[in-house]
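Throughout, a chain's letter reflects where its sequence line sits, starting with A, and its residues are numbered from 1. Treat the numbers as computed from the prediction; the structure is a model and nothing was measured.
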2 protein chains.
Amino acid sequence: MLYLCPMDIVEISKVLSNETRVNILKWLKDPESNFPPHQDIDHFDDGVCVGFIQDKTGLSQSTISTYLTAMQNVDLVIPTRHGKWTYYRRNEKVIETYINSLSKEL
Amino acid sequence: MLYLCPMDIVEISKVLSNETRVNILKWLKDPESNFPPHQDIDHFDDGVCVGFIQDKTGLSQSTISTYLTAMQNVDLVIPTRHGKWTYYRRNEKVIETYINSLSKEL
DNA sequence: TTTATATATCTAGAATAATAGATATGAATT
DNA sequence: AATTCATATCTATTATTCTAGATATATAAA
């Protein structure tokens, strides 16, 4: 079983202390039912493009991009570039490790 | 199994997005080894007094009192007054429910 | 090779959090 | 009842986060 260090736990908690960012993580659990189908790609294997996430939140493009970058910085999500689009998917390993760490540390 | 609503999850995450507050929660898990013995009371059944927690953090009295009040507001800790002192202990039920909720929601 | 599109980054203002000093409250002590 | 002690609350300052508009970049399309 893997655990995060205290600092990483706090950093991830910061990211999760915002309702929009938590929602994004939740939506990415089931892209099929939370987002329209992509055009260039007929699957969600690499996640969801920024524009779809932005549309769903109603916040500005720059805000959502900033959020996703923050989530990526603590490895909660993984970006993949396909042409003009960046797709973001959950990093299940880190999410699980974070919860394990809370269970142990907290 | 009990779960918290999304708003409560975010509010608790906010409290946990600060290293000092996370440390306080951790220290309260094992008061015997983290704090000196109380004078008026020879046990930690109701938790630890504010002064001891303040000493351990090195932050000001008002800051620690504010932190503990914030933790109490989301039910992470339970205060008990004995004479001049307020003792704070962990609310294990809420901590467990928070982790359960993350496991399910996240 | 200009133009359009998607995303990222920069810049800045508004909102919130961190933090401590001063003051208030509540309980014990003198 | 005046004093002391522990904690809480008020007030103010600084630091950080939120958020969006403007701009930059990277890719695709014309």
Original post:
What string of B, S and - do you get for nucleotides 24-30 of chain C 5' to 3' if you count protein non-hydrogen atoms under 4.0 Å?
Top reply: ---SS--

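Distance B:Asn23 CG to C:dA18 P: 14 Å, rounded to the nearest Å. For A:Gln39 and C:dA4, the CD to C1' distance is 15 Å, given to the nearest whole Å. The interatomic distance linking A:Asp46 (CG) with C:dT7 (C1') rounds to 16 Å, in whole Å. Rounded to whole Å, atom C1' of C:dA8 lies 14 Å from atom CD1 of A:Ile53. The separation between B:Glu11 atom CD and C:dT16 atom P is 12 Å, rounded to whole Å. For the pair B:Gln54 CD and D:dT7 P, the interatomic distance rounds to 9 Å; values are reported in whole Å. In this structure, B:Arg21 places its CZ atom 9 Å from C1' of C:dA18, rounding to the nearest Å. Going from atom CG of A:Asp55 over to atom C1' of C:dT7 covers 13 Å, rounded to whole Å.
Checking the phosphate oxygens (OP1, OP2) of D:dA6, no side-chain nitrogen or oxygen of B:Thr86 falls inside 4.0 Å. Taking only side-chain nitrogens and oxygens, A:Thr63 comes nearer than 4.0 Å to OP1 or OP2 of D:dA20. Regarding contacts with the backbone of D:dA20, every side-chain N or O of A:Tyr67 stays at 4.0 angstrom or more from both OP1 and OP2. For C:dA8, one of the phosphate oxygens OP1 or OP2 lies less than 4.0 angstrom from a side-chain nitrogen or oxygen of A:Tyr88.
Using a 4.0 Å cut-off between charged side-chain N and carboxylate O, B:Lys93 and B:Glu96 make no salt bridge.
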Subject >> From CA spacing to verdict: side-chain contact (heavy atoms from CB on, under 4.5 Å), A:Val77, A:Leu25 >> reply: CA-CA 8 Å; A:Val77 295; A:Leu25 262 197; 4.1 Å; yes

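Residue-level contact check: B:Ile64 touches neither bases nor backbone, having no heavy atom under 4.0 Å from any strand. As judged by a 4.0 angstrom heavy-atom cut-off over every strand, B:Phe52 is placed among residues making no nucleic acid contact. At the heavy-atom level, A:Leu68 lies nowhere under 4.0 Å from the strands shown. If you check every strand for non-hydrogen atoms under 4.0 Å, A:Ser62 touches a base.
Open room surrounds CD on B:Gln39; 12 or fewer heavy atoms of other groups in view lie less than 6.0 Å from it.
For the atom pair A:Leu106 CG and B:Arg90 CZ, the distance stands at 6.0 Å (nearest 0.5 Å). Here the straight-line distance linking atom CD of A:Gln61 with atom CD1 of A:Ile53 works out to 11.5 Å at 0.5 Å rounding. Atoms CG and OH, on A:Asp46 and A:Tyr88 in that order, are 13.0 Å from each other to the nearest 0.5 Å. A distance of 4.0 Å separates NE2 in A:His82 from CD1 in A:Ile41, rounded to the nearest 0.5 Å. For the atom pair CH2 (A:Trp27) and OG (A:Ser33), the distance works out to 12.0 Å, reported to the nearest 0.5 Å.
Nearest nucleotide to the side chain of A:Asn18, out of D:dC18, D:dT9, C:dT9: D:dC18. Looking at the side chain of A:Lys14, the nearest of the listed nucleotides C:dA8, D:dT17, C:dA17 is D:dT17. Comparing C:dT19, D:dT7, C:dT9 by their closest approach to the side chain of A:Ser65 singles out C:dT9. Listed candidates were C:dT9, D:dT9, D:dC18. Nearest to the side chain of B:Thr69 is D:dT9.
Nearest-nucleotide mapping onto DNA chain D: of A:Gln61 and B:Tyr87, the residue sitting toward the 5' end is B:Tyr87.
Under 3.5 Å, the side chains of B:Tyr98 and B:Ser13 contain a donor-acceptor pair of N or O atoms. Judged by distance alone, the side chains of B:Tyr87 and B:Asp45 never bring a donor and an acceptor atom under 3.5 Å apart.
The backbone N or O of B:Glu105 lies less than 3.5 Å from no partner atom in the side chain of A:Lys26, so there is not a single donor-acceptor pair.
Helical stems involving DNA chain D, defined as 3 or more consecutive Watson-Crick or G-U pairs under 3.5 Å, span C:1-30 with D:1-30.
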